[in-house]
Novice: 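This structure is in structure tokens; I'll ask about it shortly.
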Amino acid sequence: MSTFPAKNEHYGTKEYWEGDDSSFDWFKSYSDLADLLHDLIPNKSSRILMLGCGNSRLSEDMWEDGYRNIVNTDYSAILIEQMRSRHGQARPEMEWHEMDVRDMSFPSGSFDVAIDKGTMDAMMTAKGDVWDPPQQVIDDCTKEVDETLRILKKGGIFIYLTFGQPHFRRRYLTRPGTTLEIKELGEAFHYYLYILRTSPEP
């Protein structure tokens, strides 16, 4: 993505993301995250869901690192087609689906790992008080987490990378039957890695 939007809330629109077919990554690059992801996902055959893949290189870089069971979703049909065309021959194992993270059609318990790298943040760009977000933001973020927990297997993990500090994000990620770990990344400018684990089979 070569240009930034005129208004912050435009990050939450399809039109902004469909306006450029170049690659763009929010936050850290894969090289910055690889060691952490190796620890969190030691089995490279794990079935991994990318929540709102956009035009990020994350799936491509993970595939090159040996994670070959990756399923990508985005609510933009245009972006999904662009990414399918870009990667279809070189990375045929990867799947690409037009799908809204708030209402996914995957069966329950069908993924080992789900990764959100900026998708929930894009839904939070609506105008309003960050301390008292609009009801639409609350509903959208809650639905994403509900759906993510539904499609994860028992003992699965939801990995969420964001600028958002814990007092703004914890409300969406504190759920019965799960454990939440938060890692602070970076030095001068901080990022946060939220790791939400579902309970394993009894």
Side-chain angles (χ1 to χ4, degrees), residues 17 25-28 30 33-63 65-76 79-80 83 87 91 93-124 139-164 166 169-183 185 191-201:
W17 295 103
D25 271 294
W26 291 49
F27 320 128
K28 300 287 188 177
Y30 183 64
L33 300 171
D35 288 345
L36 283 168
L37 292 178
H38 291 161
D39 288 341
L40 293 170
I41 318 171
N43 183 355
K44 290 193 174 181
S45 66
S46 297
R47 186 163 170 80
I48 299 169
L49 177 64
M50 292 293 179
L51 297 159
C53 61
N55 48 17
S56 168
R57 288 180 53 94
L58 179 59
S59 294
E60 173 185 346
D61 291 339
M62 289 187 69
W63 191 93
D65 193 24
Y67 294 98
R68 299 298 168 89
N69 195 359
I70 299 175
V71 178
N72 300 277
T73 64
D74 200 277
Y75 75 158
S76 166
L79 274 177
I80 286 294
M83 296 296 276
H87 299 291
R91 301 170 187 87
E93 297 94 337
M94 281 207 288
E95 298 179 28
W96 304 90
H97 299 276
E98 178 193 353
M99 201 174 295
D100 192 317
V101 298
R102 297 165 294 187
D103 184 20
M104 294 185 279
S105 59
F106 299 117
S108 298
S110 52
F111 290 90
D112 301 294
V113 180
I115 299 176
D116 178 323
K117 188 168 179 274
T119 297
M120 191 184 299
D121 292 23
M123 294 193 294
M124 292 183 179
D139 292 345
D140 287 344
C141 296
T142 300
K143 286 177 183 176
E144 179 190 348
V145 178
D146 286 345
E147 276 290 273
T148 300
L149 293 177
R150 180 186 67 78
I151 58 87
L152 283 174
K153 297 176 182 178
K154 298 292 186 183
I157 60 172
F158 175 27
I159 300 168
Y160 170 38
L161 182 68
T162 174
F163 289 122
R169 298 296 190 267
R170 197 190 301 271
R171 64 187 295 174
Y172 304 111
L173 299 166
T174 302
R175 301 299 183 89
T178 67
T179 58
L180 178 62
E181 179 184 1
I182 304 171
K183 293 180 180 291
L185 310 177
Y191 301 84
Y192 296 88
L193 189 70
Y194 296 82
I195 304 152
L196 187 63
R197 292 181 170 88
T198 63
S199 298
E201 294 281 4

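Positions are given from 1, in the same order as the sequence printed here.
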Novice: Between Val101 and Glu147, which heavy-atom pair has the shortest distance, and what is it?
Specialist: O-CB, 3.4 Å
Novice: Looking only at heavy atoms, which two atoms of Gly156 and Leu152 are closest? And how far apart?
Specialist: C-CD1, 4.2 Å
Novice: Test Leu173 against Thr178 for side chain to side chain contact (heavy atoms under 4.5 Å, CB included), laying out the working first.
Specialist: CA-CA 9 Å; Leu173 299 166; Thr178 67; over 6 Å; no
Novice: Please assess Ile182 against Arg169 for the test side chain to side chain contact (heavy atoms under 4.5 Å, CB included), listing each intermediate value before the final yes or no.
Specialist: CA-CA 10 Å; Ile182 304 171; Arg169 298 296 190 267; over 6 Å; no
Novice: How many angstroms lie between atom CD1 of Ile41 and atom CD1 of Ile48, to the nearest 0.5 angstrom?
Specialist: 4.5 Å
Novice: Minimum heavy-atom separation for Met83 to Ser56, with atom names?
Specialist: CE-O, 3.4 Å
Novice: Sub-3.5 Å donor-acceptor pair from the side chain of Thr119 to the main-chain atoms of Asp116, do we have one?
Specialist: no
Novice: Indicate yes or no for a side-chain donor-acceptor contact from Tyr172 to the backbone of Met120 under 3.5 Å, with no hydrogens or angles considered.
Specialist: no
Novice: Between the side chain of Ser45 and the main-chain N/O of Asn69, is any donor-acceptor distance below 3.5 Å?
Specialist: no
Novice: Using modelled atom types and a 3.5 Å cut-off, is there a donor and acceptor pairing between side-chain atoms of Arg102 and backbone atoms of Glu144?
Specialist: no
Novice: Any heavy-atom pair between the side chains of Tyr160 and Leu51 that's under 4.5 Å?
Specialist: no
Novice: On the 0 to 90° scale, with breaks at 30° and 60°, tag the His38-Tyr67 ring pair as parallel, tilted or perpendicular.
Specialist: parallel
Novice: Which heavy atom in Pro166 sits nearest to a heavy atom in Tyr192, and how many Å separate them?
Specialist: CD-CE2, 3.8 Å
Novice: Check Asp112 with Arg47, please: is the shortest side-chain N to carboxylate O separation under 4.0 Å?
Specialist: no
Novice: Using side chain to side chain contact (heavy atoms under 4.5 Å, CB included), reason through Leu149 and Leu196 one step at a time and then give a plain yes or no.
Specialist: CA-CA 9 Å; Leu149 293 177; Leu196 187 63; 3.8 Å; yes
Novice: Hey, does the side chain of Thr73 reach the backbone of Met50 with a donor-acceptor pair shorter than 3.5 angstrom?
Specialist: yes
Novice: Quick one: does Leu49's side chain get under 4.5 Å of Glu95's, heavy atoms only?
Specialist: no
Novice: Is the distance from the ring center of Phe163 to that of Tyr191 below 6.0 Å?
Specialist: yes
Novice: Using modelled atom types only, decide if a donor and an acceptor are shared between the side chain of Ser108 and the backbone of Ile151 within a distance under 3.5 Å.
Specialist: no
Novice: Can you check whether Ile195's main-chain N or O pairs, donor with acceptor, with Glu181's side chain at less than 3.5 Å?
Specialist: no
Novice: Would you say Ile115 and Met62 make side-chain contact, with heavy atoms under 4.5 Å?
Specialist: yes
Novice: What is the distance from atom CZ of Phe158 to atom OG1 of Thr198, rounded to the nearest 0.5 Å?
Specialist: 12.0 Å
Novice: Under 3.5 Å, side chain of Arg150 to main-chain N/O of Met104, donor-acceptor pair present?
Specialist: yes
Novice: Step by step, work out the side chain to side chain contact (heavy atoms under 4.5 Å, CB included) result for Leu185 and Leu36.
Specialist: CA-CA 11 Å; Leu185 310 177; Leu36 283 168; 3.8 Å; yes
Novice: So, the side chain of Lys44 versus the backbone of Asp65: is there a donor-acceptor pair under 3.5 Å, distance only?
Specialist: yes
Novice: Side chains of Asp103 and Tyr75: is there a donor and an acceptor less than 3.5 Å apart?
Specialist: no
Novice: Within the structure provided, determine whether Arg68 and Trp63 are in side-chain contact (heavy-atom separation under 4.5 Å).
Specialist: yes
Novice: Just how far is it from atom OG of Ser199 to atom CZ of Arg175, taken to the nearest 0.5 Å?
Specialist: 13.5 Å
Novice: Kindly compute the distance separating CD1 (Ile70) from NE2 (His87), expressed to the nearest 0.5 Å.
Specialist: 10.0 Å
Novice: Hey, does the side chain of Asn72 reach the backbone of Trp96 with a donor-acceptor pair shorter than 3.5 angstrom?
Specialist: no
Novice: Compare every heavy atom of Asp74 with every heavy atom of Cys53, then report the nearest pair and how far apart it is.
Specialist: N-OD2, 3.6 Å
Novice: What's the spacing between Leu37 CG and Leu58 CG if we round to 0.5 Å?
Specialist: 7.0 Å
Novice: For Val113 versus Ser46, what's the shortest heavy-atom pair and its separation?
Specialist: CG2-CB, 4.4 Å
Novice: Would you give the length of the straight line joining atom CD of Glu98 to atom OG of Ser76, rounded to the nearest 0.5 angstrom?
Specialist: 7.5 Å
